[in-house]
Amino acid sequence: MAVYTDVAEGELGAFLKHYPVGDLLSYKGIAEGTENSNFLLHTSSGSYILTLYEKRVEKADLPFFLGLMGHLANKGVSCPLPVTAHDGTVIGTLAGRPAVIITFLEGLSLRRPAATHCAEVGKALAELHLAGADFSMTRPNALAIDGWRKLWNAARDRADEVEPGLAAEVDADFADFERSWPKDLPQGIIHADLFPDNVFFLGEKLSGLIDFYFACDDLYAYDVATCLNAWCFEKDFSFNLTKGKAMLAGYQSVRPLSDQEKAALPMLARGSALRFMLTRLYDWLTVPNGGLVTKRDPTEYIRRMRFHRAIRSPSEYGLA
Ligand SMILES: Nc1ncnc2c1ncn2[C@@H]1O[C@H](COP(=O)(O)OP(=O)(O)O)[C@@H](O)[C@H]1O
Ligand SMILES: N[C@@H](CCOP(=O)(O)O)C(=O)O
């Protein structure tokens, strides 16, 4: 569960008076999520999500994230819309944190996605890439190699507590990434965290995308690699080729990958696995146990890093 900051009913009621959302009927902390504190609000005009921004979100980046949601929604991507206050602002302050109200999206995230869902996600990811192409704001990826390095510097000394030998393994990976990370591939706005918990389905149909708080400018194929990691591995850490094929076919039905992007997939998937391993490892070692936060297991992504290191051809992901 991710509720880092508690909100008292009185202060929430007063906060909501600034927004055209009606009167507060009830609210509760949301169990899912990792990064921010989220609350489900029921008001006399409907349901909303209240987000209080926490550890990894810089307040200066909020106009980018919120502007992006508005831009994508205008282009037909189903995603939440920030609610504008009576004074024309979108970002308020509640319980000492930057706070925003966004519209509620109907749908359920999937615990066990099938290949058909992976195809839908691939297609939606490519649509997001095309829809973001004319967004006017930019944001460099704070979790690109330099950002990974900062996390690693903070966690390296205790890494072997989590997995013996991890420090040496990741040091060697960094040397590879710093030497050979692809640079000249198509890039633009990416979601950067399109995991199953951030995609809603109604029945078999994808109904919406949420959680744009890692979105940034980076390689489109890196976003594809992140989705392969997040959607196409089974609980036993085996890669499901049928899901990989479905995801890549779905993506390419909207935006075909170039030969250079295809060739870079193993390196990008390895880097993406390292990125998620590192945020998980950092949190594993620094966020206190208990309370209202469920920490994610870094070892799941160590397994993926090893899988990608052994890949010899991008066809092993299901590319024709
Ligand atoms: N717009 C929305 N509509 C419906 N539910 C939402 C919406 N935004 C967030 N949620 C719910 O809140 C949870 C946490 O949101 P998320 O943005 O993933 O948080 P975090 O950034 O902390 O990971 C989601 O898993 C979902 O259950
Ligand atoms: N997807 C990341 C954690 C970020 O959490 P989210 O709830 O914002 O998706 C991971 O799995 O490590």
Side-chain angles (χ1 to χ4, degrees), residues 32-33 35 49 64-82 102-135 139 141 185-233 239-258 261-262 265 268-269 272 275-276 317-320:
E32 294 84 6
E35 299 293 333
I49 298 290
F64 172 90
F65 300 135
L66 302 166
L68 178 61
M69 288 189 233
H71 175 89
L72 294 174
N74 272 334
K75 292 253 169 167
V77 174
S78 174
C79 64
L81 268 179
I102 59 173
T103 54
F104 182 84
L105 281 193
E106 299 291 346
L108 293 174
S109 54
L110 301 171
R111 281 179 199 281
R112 289 199 190 82
T116 47
H117 304 116
C118 294
E120 289 266 301
V121 172
K123 186 165 168 276
L125 183 72
E127 285 166 355
L128 186 159
H129 290 166
L130 297 187
D134 58 349
F135 181 51
R139 175 178 181 264
N141 190 353
L185 298 177
Q187 65 169 316
I189 297 292
I190 66 166
H191 183 285
D193 187 28
L194 201 59
F195 276 55
D197 56 346
N198 292 331
V199 179
F200 289 171
F201 283 84
L202 282 170
E204 291 304 296
K205 247 191 118 29
L206 192 152
S207 62
L209 311 178
I210 63 164
D211 199 357
F212 288 81
Y213 304 116
F214 286 115
C216 57
D217 285 274
D218 208 335
L219 308 178
Y220 291 133
Y222 177 66
D223 226 9
V224 176
T226 293
C227 285
L228 289 171
N229 276 325
W231 290 82
C232 302
F233 282 83
F239 182 74
N240 184 320
L241 188 61
T242 309
K243 292 183 182 175
K245 268 186 188 159
M247 165 139 330
L248 291 164
Y251 186 88
Q252 296 205 88
S253 69
V254 175
R255 180 182 172 269
L257 294 165
S258 68
E261 287 179 299
K262 290 179 187 171
L265 264 188
L268 296 172
S272 165
R275 171 259 179 267
F276 286 98
Y317 294 117
L319 278 169

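Values below: every heavy atom of this structure, side chains too, minus hydrogens, waters and symmetry copies.
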### Task
Kindly indicate whether the side chain of Asp193, heavy atoms from C-beta on, has any atom under 4.5 Å from the side chain of Thr226.
no
## Note on the structure
Between Asn141 and Tyr222 the two heavy atoms that sit nearest each other are ND2-CE2, 4.0 Å
### Message
Show the nearest heavy-atom pair for residues Asn229 and Ala269, with the distance to one decimal.
### Response
ND2-O, 3.1 Å
### Set of residues satisfying side chain to side chain contact (heavy atoms under 4.5 Å, CB included) with respect to Gln187, sequence neighbours excluded
Leu219
#### Entry: Euclidean distance, Cys118 SG relative to Met247 CE, rounded to 0.5 Å
4.5 Å
### Query
Is Leu110 close to Asp197 at the side-chain level, that is, under 4.5 Å between some pair of heavy atoms?
no
### Summary
To the nearest 0.5 Å, atom CG of Asp211 lies from atom CZ of Phe65 at 9.5 Å
### Task
Enter the distance from Leu125:CG to Leu194:CG here, rounded to the nearest 0.5 Å.
6.0 Å
### Query
Where is the tightest heavy-atom contact between Leu268 and Ala221, given as atom of each residue plus distance?
CD1-CB, 3.5 Å
### Query
Taking side chain as C-beta onward, heavy atoms only, is Arg255 less than 4.5 Å from Tyr220?
yes
### Task
Determine whether Leu105 and Ile49 make a side-chain contact, defined as any pair of heavy atoms from C-beta on separated by less than 4.5 Å.
no
### Task
Please confirm whether the backbone N or O of Ala114 pairs with a side-chain atom of Trp231, one donor and one acceptor, at under 3.5 Å?
no
### Task
State, to 0.1 Å, how close Leu206 and Ala124 come at their nearest heavy-atom pair, and which atoms those are.
CD1-CB, 3.7 Å
### Query
If you measure from CG on Leu209 to OG on Ser78, what distance do you get to the nearest 0.5 Å?
7.0 Å
### Query
Are His191 and Phe214 close enough that their ring centers fall under 6.0 Å?
no
### Task
Please work out which of the three classes, parallel, tilted or perpendicular, describes the rings of His71 and Phe135, given edges at 30° and 60°.
tilted
### Query
In Å, rounded to the nearest 0.5 Å, how long is the span from CZ of Phe276 to CZ of Phe195?
4.0 Å
### Query
Short question: side chain of Asp223, backbone of Ala192 - any donor-acceptor pair under 3.5 Å?
yes
### Query
Quick one: does Arg139's side chain have a donor or acceptor within less than 3.5 Å of a partner on Asp217's backbone?
no
### Query
Any idea which heavy atoms bring Cys79 and Ala73 closest together, and the distance?
SG-N, 3.9 Å
### Query
So how far is it from Ile189 CD1 to Leu130 CG, rounded to the nearest 0.5 Å?
13.0 Å
### Message
Measuring only between side-chain heavy atoms, which start at C-beta, is Leu257 closer than 4.5 Å to Tyr251?
### Response
yes
### Message
With a 3.5 Å distance limit and no angle check, can you tell me whether Gln252 reaches the backbone of Ala249 through a side-chain donor-acceptor pair?
### Response
no
### Query
How about Asn240 and Phe233: do any of their side-chain heavy atoms sit closer than 4.5 Å?
no
### Query
With a 4.5 Å limit on heavy-atom distance, are the side chains of Leu108 and Phe201 in contact?
no
## Note on the structure
When every non-hydrogen atom of Ala126 is compared with those of Val254, the smallest separation belongs to CB-CB, 3.6 Å
### Task
Measure from the side-chain N and O atoms of Thr103 to the backbone N and O of Pro80, and report whether any donor-acceptor pair falls under 3.5 Å.
no
### Task
Report the residues that fulfil salt bridge (Lys or Arg N to Asp or Glu O under 4.0 Å) with Lys245, sequence neighbours left out, ordered by chain and then residue number.
none
### Query
Taking the side chain from Ser109 and the backbone from Asn198, do they hold a donor-acceptor pair closer than 3.5 Å?
no
### Query
Which residue pairs pass the salt bridge (Lys or Arg N to Asp or Glu O under 4.0 Å) test with at least one member in residues 105-127, sequence neighbours excluded?
Lys123-Glu127
